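Just below is one structure, and these are the notes that go with it.
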Amino acid sequence: KVREKVTIHFINQDGEKITTSASEGETLLDIVLNKNLDINGFGACEGTLACSTCHLIFDEDVFKKMGPVLDEEMDMLDLSYGLTDTSRLGCQICVQKWMDGIVIRVPQEMNDMRRKKESARK
Ligand code: FES
């Protein structure tokens, strides 16, 4: 089966618009990592729901169309900085065809819940 290409726009922390194409079924985290998009510190835990650095803010209509937030995602989302009513974690969102052309905002600040543990590595 040929996977549809979907265009996704991100607005990064600097307010720059980054337009990229993605395949159906990829997560938003996959896109940021595979395309090496300029979003600082994104996806620090590689999608294991341990960091909340993949916090993204969606338009309300898009948010409503996405599936329900699972408890595990909600727990981590609650810890993200600048949480909004239309926030989700990018590593939990799979690209679907209807998402073509959506604009996703990256919050100004992010909270890496693992920062304390990780800081020794830097
Ligand atoms: Fe860490 Fe999504 S990448 S919670």
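Model, not experiment: these values are computed from the prediction. First listed ligand is number 1; within each ligand, the first listed atom is number 1.
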Q: Report the protein N/O/S neighbours of atom 2 (Fe) of ligand 1 that fall below 2.8 Å; do not count waters.
A: Cys54 SG, Cys91 SG
Q: For Glu16, enumerate each residue passing the side-chain contact (heavy atoms from CB on, under 4.5 Å) test, keeping only those at least two apart in sequence or located in another chain.
A: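 For Glu16, the residues satisfying side-chain contact (heavy atoms from CB on, under 4.5 Å) (neighbours in sequence not counted) are Asn12, Asp14, Asp38.
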Q) Distance-only, no hydrogens or angles: does the Gln96 side chain make a donor-acceptor pair with backbone N or O of Gly25 under 3.5 Å? A)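 Looks like no, no N/O pair under 3.5 Å.
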Q: To the nearest 0.5 Å, tell me how far Thr53 OG1 sits from Ile39 CD1.
A: 10.5 Å
(Q) Distance check, rounded to the nearest 0.5 Å: Leu49 atom CG versus Gln92 atom CD? (A) 4.0 Å
Please list every donor-acceptor pair under 3.5 Å in which a side-chain atom of residues 56-71 meets a protein atom from a residue at least two apart or in another chain.
unit_1 : atom_1 : unit_2 : atom_2 : d
Glu60  : OE2    : Lys64  : NZ     : 3.2

Q.
Give me each pair satisfying salt bridge (charged side-chain N to carboxylate O under 4.0 Å, His left out) with a member in residues 77-101, each pair once, sequence neighbours excluded.
A.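 Residue pairs passing salt bridge (charged side-chain N to carboxylate O under 4.0 Å, His left out), neighbours aside: Glu4-Lys97, Glu73-Arg88.
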